[in-house]
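Structure record follows, encoded as C-alpha cells.
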Amino acid sequence: MTTVEARSINPDVEAIRHHYEVGNELYRLILGPTMMYSGGYWEDGEDLVATLDEAQERKLDAFVDLAGAAGAAKVLDIGCGWGTMLNRLTTVHGVQQAVGVTLSRTQADFVAAINNPAIEAKVESWEDHKADGEPYDAAFCINALEHFVLSSLTPKERTQRYRVFFKQVHSLLKPGARFVLHTMTVENPPLRRQLLDDLKFLQREEFEGCHIPRLPELAAGLDGLFEVTEIRNEPESFARACRAWLELLAARREEAVALESEETVARFERYLDIFAYTLEDHIFNNFRVTLTRRA
C-alpha cells in the first residue's frame, strides 16, 4: 500500500472525492448517457448537444485504434470514471478483460452496476495498482493525470512524481505495448485578474491541491521509458464538451438543484465555464499523447 510519506506528496483523496463523489444522477444529467467526462470528437456541422454521445464514442474508438487495443486480452484504464471506456473495450472492441482504477467509490459502484463480467473498477490509487498475472496489453489515462500530483510541490519534486507515474505504467505494460494519455497542460498563463481569480477557484475550491502539468514535466518523466509515437494538442475537443455539458445543465437546472444543491450546481457551472474559455483561448492545452513502452 502507499506509505504515509507517499500520501503526503499526493493530492488529498477527500479533496478529489469532493468533486467526483457528487451523486451519479447529477453526473448523468450533465454528461448524458455515455457518462464520459472528457473531450469528444465532433465532425464539422454537428450540433454539440445532439451528437454528444456520438462524439464521445468516436473519441474512444480513436483511442482504441491508437493503442492497438482491439482484441487484447487485458487492458488498463487509469482514472476510469464511470467505466465508459472499460465497457466499450469489451462490448465493441473484443477485449477480454478491462480493469480500471479510481478513487471514487460512487464511480466504482456505477461500474459494478453495469453488470459486465469482463470489466472491473478498483478503488485504489494508480500507485498501488498491481497487474494480476500477465502485464497489460494496452493502457489509457484520459484526463485523470491532472489529479495525480500535488500543486504545492517544487518543480523538481513534481517532475519526480511524474517520473514515478510513468515508471509505474511502464511496469504494468508488456514491452511494446501502447499507452494513450489525454491530459490538460498549462505553460505560462497571462496575468489577468479574472483569470487569476478563476485559477484560484479551481485550485482552492474545486480541485484542491491538484497540479495541471507542464509539457516539459511530462517529457522528463517519460524519458527513456516510452517512445512518443504521436502527440497532438486538441483543446477544442474538451472545450466543446464543456459547452455541451453547460447546455445540458442549463436545460435541467431546477432538477439538478433538487438532486444536490444550488451551491453545488453553481460550482459546476463556474468550473465548466472556466475550462471552456481557457481551452478556447489556448491558456490550457489538451494533449493526446500516444506512447510505446520501451523494453
Salt-bridge contact D223-R163 (side-chain N to carboxylate O under 4.0 Å): no
Heavy-atom side-chain proximity of T183 to L218 below 4.5 angstrom: yes
Pairwise side-chain contact, E269 with V265, heavy-atom cut-off 4.5 Å (strictly under): yes
Within one Ile-Leu-Val-Met-Phe-Trp-Tyr cluster: W126 and L222, side-chain cutoff 4.5 Å: yes
Hydrophobic cluster membership, I114 vs L89, 4.5 Å side-chain cutoff: no
Short side-chain donor-acceptor distance under 3.5 Å, S237 and K59: no
4.5 Å side-chain heavy-atom contact, D273 and R243: yes
Gap separating the CE atom of M36 from the CE atom of M85, nearest 0.5 angstrom: 6.5 Å
Donor-acceptor pair between E234 and Y41 side chains, under 3.5 angstrom: yes
Distance (rounded to the nearest 0.5 Å) between Q96 CD and T90 OG1: 11.0 Å
Side-chain heavy atoms of L145 within contact of F287, under 4.5 Å: no
Value rounded to 0.5 Å, distance of CD1 in I119 from OG1 in T91: 8.5 Å
Rounded distance [0.5 Å steps], CG in D198 versus CZ in F275: 11.0 Å
Basic-acidic side-chain contact under 4.0 Å: R161, E127: yes
Distance-only polar pair, side chains of T51 and E54, donor-acceptor under 3.5 Å: no
From F268 atom CZ to R253 atom CZ, the distance as rounded to the nearest 0.5 Å: 12.5 Å
Which atom of R267 lies closest to which atom of F201, heavy atoms considered: O-CZ, 3.9 Å
Side chain W82, main chain F110, donor-acceptor under 3.5 Å: no
Pairwise distance OG(S38) to CZ(R288) - rounded to 0.5 angstrom: 12.0 Å
Qualifying side chain to side chain donor-acceptor pair (under 3.5 Å) pairs with a residue from residues 60-80, counting only residues at least two apart or across chains: D61-R88, D61-H93
Contact summary for L60 and T84, nearest pair of heavy atoms: CD1-CG2, 3.8 Å
